[in-house]
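As the structure is a computational prediction, the values presented were derived from the model and not from experiment.
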Amino acid sequence: MSDQKKFVEEITSRDVDFAKWYTDIVKKAELIEYSSVRGCMVIRPNGYAIWENIQKNLDERFKATGHENVYMPMFIPESLLQKEKDHVEGFAPEVAWVTHGGSEKLQERLCVRPTSETLFCEHYANIIHSYRDLPKLYNQWCSVVRWEKTTRPFLRSLEFLWQEGHTAHATEEEAREETIKMLNVYAQFCEEVLAIPVVKGQKTEKEKFAGAVETYTIESMMHDGKALQSGTSHYFGDGFAKAFDIQYTDKNNQLQYVHQTSWGVSTRLIGALIMVHGDDNGLVLPPAVAPTQVAIIPIAMHKEGVLDKAREIANSLTGFRVKVDDTDNSPGWKFSQYEMLGVPLRLEIGPKDIEKNQCVLVRRDTREKIFTPLSELSQQISKTLQDIQKDMLERARQMRDQNTHDAVDFDTLCKFADEKIGFFRAMWCGDVACEEKIKEEAALTSRCIPFEQEKIADTCVCCKKPAKSLVYWGKAY
RNA sequence: CGGGGUUUAGCGCAGUUUGGUAGCGCACUUGGUUUGGGACCAAGGGGCCACAGGUUCAAAUCCUGUAACCCCGACCA
């Protein structure tokens, strides 16, 4: 894109100030508007439509893997939240409390859910009695509240939209399988739909979820090289089951505790879309999630037949999300506008085209112009949208791979952290002391222990003792 | 929670030093001319100057306090 002229001057350049660029995009692409509540945002039609597409696609994948949707209350009594020790300690600092109903003080205060493990557990304890009741594969789409100190649109807001899957299984083996299965669902979704490549792996003890036995994650790299935890899947073992007394009678008439999992992704994925694919002209959306896939712009639409032709084309394009812009803004304004919104394909149709029975397709990602006979339009659009989807994933993958560096000794790691952006791969002994030292001195946190292990050295990058595993380190959002 | 900045029309800002009729650009409304990369002309509408207290004949401007937002660090999806 570097040889492309920058047409929109209102956006801060991405490479000048990434944080400012991000906020500019979020506002200019009309994804959100700040509200009068600190840290809370209005998700506008352009932003919400992206979420709806994410939701629709993921929900199908959840259903295909046997899950059912439910809805839990948004309030959790304090006593219920207290039941699992690690869990409450992890979340207590950032929960919002309801203390009054109308003018009456509540006997017991209620927290606004920061996550719903406790509610699901309480419910499971009530409905699970026999091995015949298992597994329970539930998911809910909802919003949760976490009283964060500093907030950023989509990346960290007081209230955010997400889905949380909570499952209960008869055996450890089955629960572990579920944990990995859902992580894979997320990874595939990110790559196939969002065109975002991810690193799959396990979180260290230090970084794992409050109350989990193991936390698995998909990590993606933003354009500034920072990591974004894009989805997590937790294996709970029977810890919650014991705290909440979720037992069933097995085939041998023995009481057993269930084994549980939970997994979630949030509107944070929209932040990832922006930061992975966006450029100086605005948002760039992968066709699979773009609310509008083709924006039709009539040129000289006051002239006889132009607007009719544009509408005729729109009607003929079944199977695509198409919009005709018949407002009286100038064509140039519209070009910029749809680039800002990230619409993958622009279709220009004017008097000259109508004469030749053709139109002009312009790719958002490359700005390549494709003159297309109207008779081949549908096939051409279908092919081009697929190309865009594929190319976007490929570019993101290249960006990530070019910015993944291996370090075998501590000095190199510190030097890299200082001079380079991206992911840093280094061997680790498994000791939390080394992890903390790396955080303090290199300002890097462990992102994950990747499933795809590779031995790039024999010893820990930090303490030089024998290494247990390869770890991805980075700066995170 | 530390360090810095901001708050004046829907948005972006000037005006505050030196108190004296509320300004500019964009957006909006109406009419006309335009239309292949953010068009032009003309005429309009829009303000508790973040909030609460002071000082003063008079406060966007000076004083005190509060809040929200943004950026950089520590914590988190």
Undergrad: Of all residues at least two apart in sequence or in a different chain, which pass the side chain to side chain contact (heavy atoms under 4.5 Å, CB included) check with Glu78(A)?
TA: Gln82(A), Trp97(A), Glu108(A), Arg109(A)
Undergrad: Looking only at side-chain atoms of Gln337(A), point me to the closest of rG37(B), rG38(B), rG36(B).
TA: rG38(B)
Undergrad: One thing to verify: whether Lys206(A) and Glu436(A) come together as a salt bridge, which I'm taking to mean a side-chain N less than 4.0 angstrom from a carboxylate O.
TA: no
Undergrad: Round to the nearest Å and state the distance from Phe18(A) atom CZ to rC70(B) atom P.
TA: 17 Å
Undergrad: Please write out each protein N/O paired with an N/O of nucleotides 39-45 of chain B under 3.5 Å, distance rounded to 0.1 Å.
TA:
residue	atom	partner	partner atom	Å
rA39(B)	OP1	Ser330(A)	OG	3.1
rA39(B)	OP2	Ser330(A)	OG	2.6

Undergrad: Could you give the distance separating rU61(B) and rA39(B) at their C1' atoms, to the nearest angstrom?
TA: 40 Å
Undergrad: Checking contacts here: which listed nucleotide (rC69(B), rU35(B), rG36(B)) is nearest the side-chain heavy atoms of Ala300(A)?
TA: rU35(B)
Undergrad: What's Lys303(A) touching, base or sugar-phosphate or nothing? Going by heavy atoms closer than 4.0 Å.
TA: nothing
Undergrad: Hey, can you pull the donor-acceptor pairs under 3.5 Å for the side chains in residues 343-354 of chain A, sequence neighbours left out?
TA:
residue	atom	partner	partner atom	Å
Arg346(A)	NE	Glu348(A)	OE2	3.1
Arg346(A)	NH1	Glu339(A)	OE2	3.2
Arg346(A)	NH2	Glu348(A)	OE2	2.9
Asp353(A)	OD1	Gln358(A)	NE2	3.1
Asp353(A)	OD2	Gly350(A)	N	3.0

Undergrad: Under 4.0 Å, heavy atoms only, any strand: does Val265(A) hit a base, just the sugar-phosphate, or nothing?
TA: nothing
Undergrad: Please collect all side-chain hydrogen bond (donor to acceptor under 3.5 Å, both in side chains) contacts where either partner lies in residues 295-305 of chain A, sequence neighbours excluded, each pair once.
TA: none
Undergrad: Between rC69(B) and rC11(B), how far apart are the two C1' atoms, rounded to whole Å?
TA: 15 Å
Undergrad: Send over the distance from Arg346(A) CZ to rG36(B) C1', rounded to a whole Å.
TA: 9 Å
Undergrad: Please tabulate, one pair per line, all N/O donor-acceptor pairs under 3.5 Å involving side-chain atoms of residues 221-230 of chain A, not counting sequence neighbours.
TA:
residue	atom	partner	partner atom	Å
His223(A)	ND1	Arg14(A)	NE	3.4
His223(A)	NE2	Arg14(A)	NH2	3.2
Asp224(A)	OD1	Lys226(A)	N	3.1
Asp224(A)	OD2	Tyr477(A)	OH	2.6
Gln229(A)	OE1	Lys203(A)	NZ	3.2
Ser230(A)	OG	Ser220(A)	OG	2.6
Ser230(A)	OG	Leu228(A)	O	3.0

Undergrad: I need the full list of salt bridge (charged side-chain N to carboxylate O under 4.0 Å, His left out) pairs touching residues 184-201 of chain A, with sequence neighbours left out, sorted by first then second residue.
TA: Arg61(A)-Glu192(A), Glu191(A)-Arg397(A)
Undergrad: Can you check each nucleotide of nucleotides 71-77 of chain B against protein heavy atoms at under 4.0 Å and return B for base, S for sugar-phosphate only, - for none, in 5' to 3' order?
TA: SSBBSBB
Undergrad: Report the residue from Tyr216(A), Phe62(A), Tyr235(A), Phe209(A) that forms a ring pair (Phe, Tyr, Trp, His ring centres under 6.0 Å) with Trp263(A).
TA: Phe62(A)
Undergrad: Which residues pass the side chain to side chain contact (heavy atoms under 4.5 Å, CB included) test with Phe320(A), sequence neighbours left out?
TA: Gln293(A), Leu317(A), Val322(A), Ser378(A), Ile381(A), Ser382(A), Leu385(A)
Undergrad: Considering only atom C1', compute the distance from rU8(B) to rG25(B) and round it to an integer number of Å.
TA: 15 Å
Undergrad: For rG38(B), does the base pair up with any side-chain atom of Asn329(A) as donor and acceptor (N or O, under 3.5 Å, distance only)?
TA: no
Undergrad: Quick one: list whatever passes salt bridge (charged side-chain N to carboxylate O under 4.0 Å, His left out) with Lys136(A), sequence neighbours left out.
TA: none
Undergrad: Would you mind telling me which residue lines up with the more 5' stretch of RNA chain B, Met301(A) or Cys40(A), judged by nearest nucleotide?
TA: Met301(A)
Undergrad: When the C1' atoms of rA67(B) and rA50(B) are considered, how many whole Å apart are they?
TA: 8 Å
Undergrad: Considering every strand and a 4.0 Å limit on heavy-atom distances, what is the contact class for Pro351(A): base, sugar-phosphate, or nothing?
TA: base
